[in-house]
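Heads up: the structure comes next, in structure tokens.
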Amino acid sequence: MSVISTVTVKVPATTANLGPGFDCIGAALKLYNEFKFTRHESGLIIQVSGTEAEKVQTDESNLLYQAFLKLYEFIEQTPPSVKIEIKLGVPLARGLGSSATAIVGGLVAGNVLAGSPLSELQVMELAIAMEGHPDNVVPALLGGCRLAATSRTGWEICDITWHRDIFPVVAIPDFELSTSEARRVLPTEVSRGDAIFNTAHFGLLLRGLATNREEWLRAALQDKLHQPYRQALIPGYDAVETAAVAAGAYGMVISGAGPTLLALTDELHTQAVVTAMTNAWKQAGITSVVRSLPLDIQGAVIL
Ligand SMILES: Nc1ncnc2c1ncn2[C@@H]1O[C@H](COP(=O)(O)OP(=O)(O)OP(=O)(O)O)[C@@H](O)[C@H]1O
Ligand SMILES: N[C@@H](CCO)C(=O)O
């Protein structure tokens with residue numbers, strides 16, 4: 001059997017939660033990181049280029065490398081020495097699943113170099129275990145919009161229909177918010193009223209995404225489990241939301257753990273929403289990059 005010497009994996013950004021779907025739903029977006037692994041003999045080399053390259057660790061603590069090691073630990077083999085080339089397109093610690101791209105990229109690349117001993121399901125389970133929640137890693141691996149729920153034996157993954165006329169707009173500010181910090185502010189228990197609120201709104205969101213029924217989407221993009229506690233970590237949140245809705249968005253939520261904000265709109269209003277969110281944040285003293293990003297349907301791809 002010939003030994004595979006190099007592999008390149010492209011992994012999409014993801015937006016998790018979509019408001020009321022805390023820790024269980026996420027969608028892949030057309031914005032990518034690319035990871036090239038090459039076997040070589042003389043110890044670990046990590047080279048990083050692209051957006052905010054200087055912020056990524058280039059030693060053994062690198063999350064991508066940690067995921068690669070995890071794969072070999074799981075299959076009980078010694079990992080080969082590798083050179084890793086990282087091309088960053090997904091900004092770090094902004095709520096666009098950068099850590100999920102690294103976890104999925106490292107596991108998928110490791111699996112290929114090892115001769116593909118694991119199935120996609122096994123890779124997915126390892127990725128969920130590493131990240132601690134499924135809502136970024138599952139769409140990063142599989143693409144599209146995905147709901148993950150535990151079953152008696154593991155995970156059930158459900159492909160969520162996303163109507164083609166619903167357009168995501170992401171507003172990415174120039175400051176970071178780590179997921180661990182944004183999870184620290186959350187209460188460990190919630191009231192029955194808040195649980196019922198989210199159950200109802202999440203159901204409405206799924207039907208709204210499938211049908212593009214405007215009044216359902218407008219009502220659905222609300223949450224009581226995480227957003228009320230996190231909004232204070234994102235200066236200008238209320239102003240950006242007001243501006244996005246006034247410009248024609250159905251609503252606005254925090255993307256993942258933030259600080260990126262996600263609006264959903266239709267094609268006609270996309271440019272107005274982009275401009276409104278950019279200006280609202282500017283007036284709050286925050287520089288941002290605001291873009292309409294279509295859904296990615298492929299997930300992680302081996303190039
Ligand atoms: N390409 C990468 N290579 C190595 N490590 C990475 C890479 N991308 C992200 N990381 C690690 O993940 C950290 C960011 O993870 P964090 O969970 O805080 O944010 P996020 O994944 O971007 O956002 P969210 O989980 O809310 O979508 C970075 O600080 C870095 O340590
Ligand atoms: N569901 C996660 C996504 C970020 O990793 C959270 O909101 O903390």
Side-chain angles (χ1 to χ4, degrees), residues 8-29 31-37 44 46-70 82 84-109 127-128 130-140 146-148 170 172-173 175-188 198 202 223-231 233-234 253-262 293 300:
T8 303
V9 187
K10 182 174 151 188
V11 189
T14 44
T15 182
N17 302 329
L18 302 176
F22 179 62
D23 268 4
C24 61
I25 194 170
L29 300 172
L31 182 69
Y32 301 94
N33 281 341
E34 231 177 83
F35 308 114
K36 182 176 180 188
F37 285 66
L44 176 66
I46 300 179
Q47 293 173 345
V48 191
S49 62
T51 321
E52 303 178 338
E54 68 290 349
K55 292 185 182 167
V56 173
Q57 294 90 335
T58 52
D59 58 19
E60 293 206 350
S61 68
N62 181 288
L63 185 60
L64 180 72
Y65 184 62
Q66 286 297 317
F68 174 80
L69 292 182
K70 177 67 76 184
V82 283
I84 303 175
E85 291 159 86
I86 300 175
K87 272 194 216 164
L88 289 178
V90 181
L92 302 165
R94 298 298 209 297
L96 287 169
S98 70
S99 53
T101 70
I103 291 169
V104 167
L107 291 172
V108 169
I128 295 173
M130 270 195 89
E131 176 94 321
H133 44 85
D135 44 342
N136 291 108
V137 291
V138 172
R146 305 276 172 167
L147 171 65
V170 294
I172 311 165
F175 64 91
E176 295 186 1
L177 175 56
S178 77
T179 300
S180 55
E181 189 187 340
R183 288 181 89 82
R184 256 198 307 275
V185 302
L186 304 182
T188 50
N198 268 58
F202 188 54
D223 162 77
K224 292 209 173 181
L225 298 187
H226 67 111
Q227 296 203 160
Y229 310 99
R230 289 173 162 173
Q231 284 171 19
L233 303 174
I234 306 174
V253 293
I254 299 174
S255 177
T260 289
L261 300 175
L262 168 78
L293 286 181

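Just so you know, ligand 1 is whichever comes first in the structure, and atom 1 is the first atom listed for that ligand. Only heavy atoms go into these numbers, but all of them, side chains included; no hydrogens, no water, no symmetry mates. All residue numbers in this chain count up from 1 along the given sequence. Just so it is clear, the model here is predicted, and its values are computed rather than measured.
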Side chain or backbone of V90 under 4.0 Å from ligand 1, or both, or neither, by non-hydrogen atoms? neither
Ligand 1 atoms nearer than 4.0 angstrom to some heavy atom of L88 are 1 (N)
Donor-acceptor check, side chain of E52 to backbone of L92, threshold 3.5 angstrom: yes or no? yes
Can you list every pair where an N/O of ligand 2 is under 3.5 Å from an N/O on the protein?
from     : atom 1 : to   : atom 2 : distance (Å)
ligand 2 : 1 (N)  : N17  : OD1    : 3.0
ligand 2 : 1 (N)  : D23  : OD1    : 2.5
ligand 2 : 1 (N)  : D135 : OD2    : 2.5
ligand 2 : 5 (O)  : H133 : NE2    : 3.4
ligand 2 : 5 (O)  : N136 : OD1    : 3.2
ligand 2 : 7 (O)  : N17  : ND2    : 2.8
ligand 2 : 7 (O)  : R230 : NH1    : 2.8
ligand 2 : 7 (O)  : R230 : NH2    : 3.4
ligand 2 : 8 (O)  : R183 : NH1    : 2.6
ligand 2 : 8 (O)  : R230 : NH2    : 2.8

Ligand 1 contact by F35, heavy-atom criterion under 4.0 angstrom: yes
Starting from atom 28 (C) of ligand 1, what is the nearest protein heavy atom, named by residue and atom, and what distance separates them? L92 CD2, 4.4 Å
With sequence neighbours excluded, tell me which residues meet side-chain contact (heavy atoms from CB on, under 4.5 Å) with K224. D194, F197, N198
Closer than 4.0 angstrom: is that true for some heavy atom of Q57 and an atom of ligand 1? yes
E131 side-chain N/O to S99 backbone N/O, donor-acceptor pair under 3.5 Å: no
Is there a heavy atom of G97 sitting under 4.0 angstrom from any atom of ligand 1? yes
Compare V137, T179, V11 and give the one whose heavy atom is closest to atom 16 (P) of ligand 1. T179
Identify which of T15, L96, N62 has a heavy atom lying nearest to atom 4 (C) of ligand 1. N62
Atom 23 (O) of ligand 1: of G256, G95, A140, the nearest heavy atom sits on G95
Subset of ligand 1 atoms that lie under 4.0 Å from at least one heavy atom of L63: 4 (C), 5 (N), 11 (C), 12 (O)
Is ligand 1 under 4.0 Å from a heavy atom in the side chain of S99, in the backbone, in both, or in neither? both
